[in-house]
2 protein chains.
Amino acid sequence: MSAAEETPGGEDMPWGEVTPEAARRLLVAAVEAFAERGYHATTTRDIAGRAGMSPAALYIHYKTKEELLHRISRIGHDKALEILRAAADGDGTAAERLADAVRSFVRWHAERHTTARVVQYELDALGPEHRAEIVELRRQSDATVRGVIDEGVAAGEFDVPDVAGTTVAVLSLCIDVSRWFNAQGRRSPDEVGALYADLVLRMVGAQK
Amino acid sequence: MSAAEETPGGEDMPWGEVTPEAARRLLVAAVEAFAERGYHATTTRDIAGRAGMSPAALYIHYKTKEELLHRISRIGHDKALEILRAAADGDGTAAERLADAVRSFVRWHAERHTTARVVQYELDALGPEHRAEIVELRRQSDATVRGVIDEGVAAGEFDVPDVAGTTVAVLSLCIDVSRWFNAQGRRSPDEVGALYADLVLRMVGAQK
DNA sequence: TCCGTCTCTAAGCGCTTGCTCACCCTCGTT
DNA sequence: AACGAGGGTGAGCAAGCGCTTAGAGACGGA
């Protein structure tokens, strides 16, 4: 992680790598608008307006509206993959690492559900090359989770008849959090993360 | 179920209740287009073209493009709820009924993933009143699944610390099948249904 | 035969869209 | 003081949008 993504205090600063500041403001505005209305229902005038700029200003920093979506999608997927890998490559048993991965992955999808919604559900709005690039990142996410489950099975920790299918289900479950999660709801991101980690351990038949 | 929805052979005839035939052709075309590109990216000309008609023909059968989406959404949700209730109100233990519900619900989301994708992911494109109507149907789906889990817990069949949260997770898991399922993929709708029924039984801690 | 009804089309209206262009303002450098 | 570079704007273009309208053709009943 680059220094630009962290404040001096060390807390996470999203979109810190996007410069200059005007480009970042536009990108944050686009994330909000895309998450609320969807990519196709969002106009470039709406994005520029939210960022406090004229419609033409957008095209100084981004070539097209689709490039904006691609930047958002790319950064978001990189972050999601980084979170999964940090947990998967950590110490501990396969069960501990899987629970860790699910907990942090779900927490991210809940906490930053605005971004996650765009990242996960607006994939089809990308052009062919950009979409292919993102699909490859997803393949890596899948491989990361499958690896932990494989290790758990090999170590006798898990009981999983269908590793590939279970991997898809686990990732699907986590990703869909961004669709239904509501910040005003009863549950905090931490609570949902803990619940889901428990559910996934049950899915893979980890002994408690 | 009305007679119009079934062929003489008894097999399921989707959109059978939509008449006249031209209106049904338009609706089927709209489902395909909405599923492929999303509601906002689909033009009325595209829908009419797929149905082999002129753009103006659409407005003989539907007042607006949004009404088309509403009809699709309404019929789809009715069908989904009917499937869930048929399983939940059946005979057998809570575990059997929950497995049955998940199996048939998932099978529907896989088999008819085109429709399901529109029904489940284009909710926000509806106007306020139409959206409220659909949200109410979803509440009933949630209540149906929650009921079965509650009964399983009461009967000592299940071990579920958080019934509300687990219900959301189960439904979310099933619904998201429509996003990733691919007819050309390796798995049949039946196989995915069986896998998911097993996974859900594990999630609720049903003894095998 | 004439009429009213229903389904559908060709043409197009008013508006919004993504995006461009000519121009201006604010800088740090010389 | 003069300058070049880069970030910003107001106005607007071509294209495409959802939807309407005038009228054509088919058809059943009086």
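- Relative to the side chain of B:Pro55, the nucleotides D:dC19, C:dG18, D:dT9 differ in distance, and D:dC19 lies closest.
- Salt-bridge annotation for A:Arg37 and B:Asp124: absent, with no side-chain N of the basic residue lying under 4.0 Å from a carboxylate O of the acidic one.
- Side-chain N/O atoms of A:Glu67 and A:His130 include no donor and acceptor closer than 3.5 Å.
- Under the 4.0 Å criterion applied to side-chain N and carboxylate O atoms, A:Arg179 and A:Asp176 are assigned as salt-bridge partners.
- The distance from atom CZ of B:Arg25 to atom C1' of C:dT7 is 11 Å, rounded to the nearest whole Å.
- OP1 and OP2 of C:dT17 both lie 4.0 Å or more from every side-chain N or O belonging to A:His40.
- Closest to the B:Ala57 side chain, of the nucleotides D:dG8, D:dC19, C:dT9, is C:dT9.
- Here the C1' atom of nucleotide D:dC19 and the CD atom of B:Glu66 are 15 Å apart, to the nearest Å.
- Of the residues near DNA chain C, A:Ala41 and A:Lys63, the one whose nearest nucleotide (by heavy atom distance) lies more toward the 5' end is A:Ala41.
- Rounded to whole Å, the distance from CE on A:Met53 to P on C:dC25 is 18 Å.
- The side chain of B:Ile60 has C:dC8 as its nearest neighbour among D:dC19, C:dC8, D:dG10.
- C:dC19 atom C1' lies 17 Å from atom OH of A:Tyr62, rounded to whole Å.
- In this structure, B:Leu58 atom CG and C:dT9 atom P are separated by 11 Å, rounded to whole Å.
- Using a 3.5 Å distance cut-off with no hydrogens or angles, the side chains of B:Gln120 and B:His109 do pair a donor with an acceptor.
- Residue A:Thr43 is classed as a sugar-phosphate contact, given heavy-atom separations below 4.0 Å to backbone atoms only.
- One cannot find a donor-acceptor pair under 3.5 Å joining the base of D:dG16 and the side-chain atoms of B:Arg45.
- Side-chain contact check for B:His40 and B:Glu122: no donor-acceptor pair (N or O, by modelled atom type) lies under 3.5 Å.
- Contact annotation: A:Tyr59 side-chain N/O to C:dC19 OP1/OP2 distance is under 4.0 Å.
- A close approach under 4.0 Å does occur between a side-chain nitrogen or oxygen of A:His61 and OP1 or OP2 of D:dG8.
- Atom CG in B:Asp46 sits about 9 Å away from atom P in D:dC17, given to the nearest Å.
- Under 4.0 Å is where a charged nitrogen must lie from a carboxylate oxygen, and between B:Glu36 and B:Arg50 at least one such pair does.
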Between the protein and nucleotides 24-29 of chain D, which nitrogen or oxygen pairs are less than 3.5 angstrom apart?
none

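- The minimum heavy-atom distance linking A:Arg25 with A:Gly52 is given by the pair NH2-O, 4.5 Å.
- Not one side-chain nitrogen or oxygen of A:Thr44 sits closer than 4.0 Å to the OP1 or OP2 atom of C:dC19.
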